[in-house]
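Order of the sequence lines sets the chain letters (A, B, ...), proteins ahead of strands, with each chain counted from 1. In this text, all values refer to a predicted model and were calculated from it rather than measured experimentally.
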Amino acid sequence: MALRLPRIGTSQIVALALILAANWVVSPQFFDIRLQDGRLFGSLIDVLNRGAPVALLSIGMVLVIAMRGIDLSVGAVMAICGAIAASLADSHPLPVVLAASLGAGLACGLWNGLLVAVLRIQPIVATLILMVAGRGIAQLITEGRIVTFTSPELAFLGGGSVLGLPTPIVLTLAMMALTLLIVRGTALGLMIEATGGNPRASALAGIGTRLITVAVYVWSGLCAALAGIVASADILGADANNAGLWLELDAILAVVIGGTSLFGGRFSILLAVVGALIIQAMNTGILLSGLPPETNLVVKAVVVLAVLLAQSPRIGAQIAGLGVLFGRSRSRRRS
Amino acid sequence: MNLRALLLASAVSGALFSVGAQAAELTIGFSQIGSESGWRAAETTVSKAEAKKRNINFKIADAQQKQENQIKAIRSFVAQGVDAIFLAPVVATGWDAVLKEAQEAKIPVVLLDRDIDPAGKNLYLTAVTSDSVHEGKVAGQWLVKTAGGKPCNVVELQGTVGASVATNRKKGFEDGIAGASNVKIVRSQTGDFTRAKGKEVMESFIKAEGGGKTICAVYAHNDDMMVGAIQAMKEAGLKPGTEILTVSIDAVPDIFKAMAAGEANATVELTPNMAGPAFDAVIAYKTKGTMPPKWIQTESKLYTQADNPMAVYESKKDLGY
């Protein structure tokens with residue numbers, strides 16, 4: 001047992017280290033960090049800062065996926081909540097803006113949760129409804145244009161810094177810590193895993209599976225709302241057509257790279273965030289490399305494939321057998 | 001005044017009146033794509049204003065990005081017997097049948113902003129569009145002139161990979177700087193036409209180019225990406241507009257705000273007034289029988305800080321961008 005913790009996540013950490021090393025090769029100043037206007041400045045900080053929205057989404061997504069669910073609506077929820085925040089920012093104080101925006105995220109999550117847990121609609125279909133309709137709602141809020149704001153308080157959430165760290169990074173760390181505290185500090189995490197593994201048995205064992213299901217979708221909505229606020233605060237405006245577009249897929253990918261199974265029953269919040277950083281480190285590396293943009297997606301696909309192959313138990317066992325790349329035994333049991 | 005004079009006067013005024021009434025009676029239907037972007041909304045607003053100016057009875061049908069809705073709208077315009085039909089085609093193909101119906105009803109069709117498949121060339125009167133290669137060229141020529149012979153490293157924020165507008169604006173800019181060996185593109189990446197991606201890509205460009213010290217100018221395929229790039233430069237402690245030149249395309253209101261603040265240098269307008277020249281072509285065709293050219297190119301006007309950007313912003317901000 002003592003050895004189990006470090007062994008989980010070895011492939012993700014190694015993948016992240018390899019990508020960062022590759023970035024350093026294509027761009028020798030990659031690890032240079034300096035202070036600019038009291039804010040840390042450098043490519044490594046960019047990876048963390050730009051990765052924040054997907055990391056936030058993946059924190060919510062990982063719990064949903066652990067319950068054998070999926071939340072396709074997070075990108076659209078980002079657009080809705082960003083639009084609300086930007087529309088209210090100049091006329092209302094920050095607490096009101098945040099309450100309205102996070103409240104909208106909660107409501108979206110509640111909607112998804114009720115469709116899945118009470119009406120028993122398959123998660124992929126239930127959340128698809130809001131994925132499609134949500135962007136329309138966001139466009140209604142912004143009336144199809146890019147709503148800009150000047151409120152320095154809201155702008156701080158995207159462009160400000162706390163002790164030199166850009167605010168989006170701080171918010172992501174805070175959200176991650178809070179989520180870890182709630183699910184790992186209590187038995188909730190265990191219940192989520194149990195329900196994801198076998199909902200019927202869990203219900204018979206006395207777990208309130210329906211309530212937990214609603215709760216994880218609500219949490220995912222909340223994370224998406226926070227990501228939407230960060231995205232809006234970053235560009236000082238809400239772009240309903242593009243905010244969070246396709247980010248639900250990046251979030252799902254981050255969760256999967258983080259080793260959480262789409263069949264539920266097992267999850268790691270920390271590694272999902274590492275997964276998000278792997279994706280962003282790759283994006284930033286491509287931008288720094290100077291490769292033509294036509295190759296962006298191909299490079300991404302190859303790297304993701306490599307990371308996922310490294311996680312495959314069969315290939316992992318082969319590599320372990322050869323003892324070439326990863327010295328340790330990787331034949332860990334997959335449930 | 002005798003009776004004859006009176007009769008003559010009334011005949012003249014009657015004739016004058018009937019000319020006036022004829023212009024007022026001109027009814028034109030417009031099948032608009034929908035409200036896919038701020039520019040499209042501005043085009044609709046400007047079209048209405050231009051129609052009012054010319055006293056034209058103007059009917060707009062919003063197709064909500066669907067070709068079948070556009071075909072329905074054209075059929076209904078034909079059934080109503082309008083004098084002309086404007087069409088902003090959502091796709092390039094599949095118009096033959098419905099345009100033939102309009103032709104058989106002797107109703108001229110004018111394409112706005114987008115062209116259709118060349119095979120349908122004889123089915124419409126004229127197409128009023130902007131030349132996106134030319135837009136890029138205007139931007140490039142401005143930069144060559146402004147750089148004034150000094151070496152100038154340009155970073156380029158491209159539109160969505162594969163989008164024809166992005167390809168054309170890239171080509172046009174390259175044509176525009178082709179003669180000047182001092183101006184060269186050192187980095188080029190896609191910012192997907194969005195502010196967020198424009199900002200992210202610019203952040204990386206700044207790091208890759210020694211903290212932005214070796215960048216002389218930024219060229220963005222649209223203003224939104226430039227707005228994002230300007231933020232990235234400011235956050236890196238650089239001064240866009242003075243230390244780093246900026247030139248982009250579209251002329252949306254927000255870039256004029258940046259220009260007024262001295263943070264942007266130039267933008268090339270993609271005019272939302274496609275309907276104005278189209279109205280004029282239709283009126284000339286209907287009254288004098290003048291055949292317009294097959295392609296009416298709209299002006300790609302260059303705006304700089306010298307063009308009173310705040311006034312332009314005020315005039316544009318309520319158009320629906």
### Task
Among A:D234, A:I235, A:L287, A:N49, find the residue that satisfies the side-chain contact (heavy atoms from CB on, under 4.5 Å) test when tested with B:E200.
A:L287
### Task
Check whether any side-chain heavy atom of B:I206 sits under 4.5 Å from a side-chain heavy atom of A:F41, and report yes or no.
yes
### Query
Hey, is the main chain of A:A238 close enough, under 3.5 Å, to the side chain of B:R195 for a donor-acceptor pair?
no
### Query
Any side-chain heavy atom of A:T148 within less than 4.5 Å of one from B:K257?
yes
### Query
Which one, A:N296, A:T284, A:D37, A:L297, leads in non-hydrogen pairs under 4.5 Å with chain B?
A:N296
### Query
Near A:L305 CG, under 6.0 Å, is it more than 12 heavy atoms from other residues, nucleotides or ligands?
yes
### Message
Please classify the contact between B:T190 and chain A as side chain, backbone, both or neither, with a heavy-atom cut-off of under 4.5 Å.
### Response
both
### Query
Between A:N283 and chain B, which part of the residue has a heavy atom less than 4.5 Å away: side chain, backbone, both or neither?
side chain
### Message
For a 4.5 angstrom cut-off between non-hydrogen side-chain atoms, does B:Q189 reach A:I286?
### Response
yes
### Query
Got B:Q158 and A:P293 here, is their nearest side-chain heavy-atom distance under 4.5 Å?
yes
### Query
Do you know which of A:A243, A:S43, A:G144 has the most heavy-atom pairs with chain B at a distance under 4.5 angstrom?
A:S43
### Query
About how many Å separate OG of B:S204 and CG of A:N23, when rounded to the nearest 0.5 Å?
9.5 Å
### Message
Under 4.5 Å from any heavy atom of chain B, what part of A:N241 do you find: side chain, backbone, both or neither?
### Response
side chain
### Query
For A:Q29, is it the side chain, the backbone, both or neither that has a heavy atom under 4.5 Å from a heavy atom of chain B?
side chain
### Task
Tell me, out of A:D239, A:N242, A:D46, who's got the most heavy-atom pairs with chain B below 4.5 Å.
A:D46
### Task
Measure distances from B:A236 to the heavy atoms of chain A and classify the residue's part below 4.5 Å as side chain, backbone, both or neither.
both
### Task
Would you mind checking which part of B:V161 comes under 4.5 Å of any heavy atom in chain A, side chain (CB onward), backbone (N, CA, C, O), both or neither?
side chain
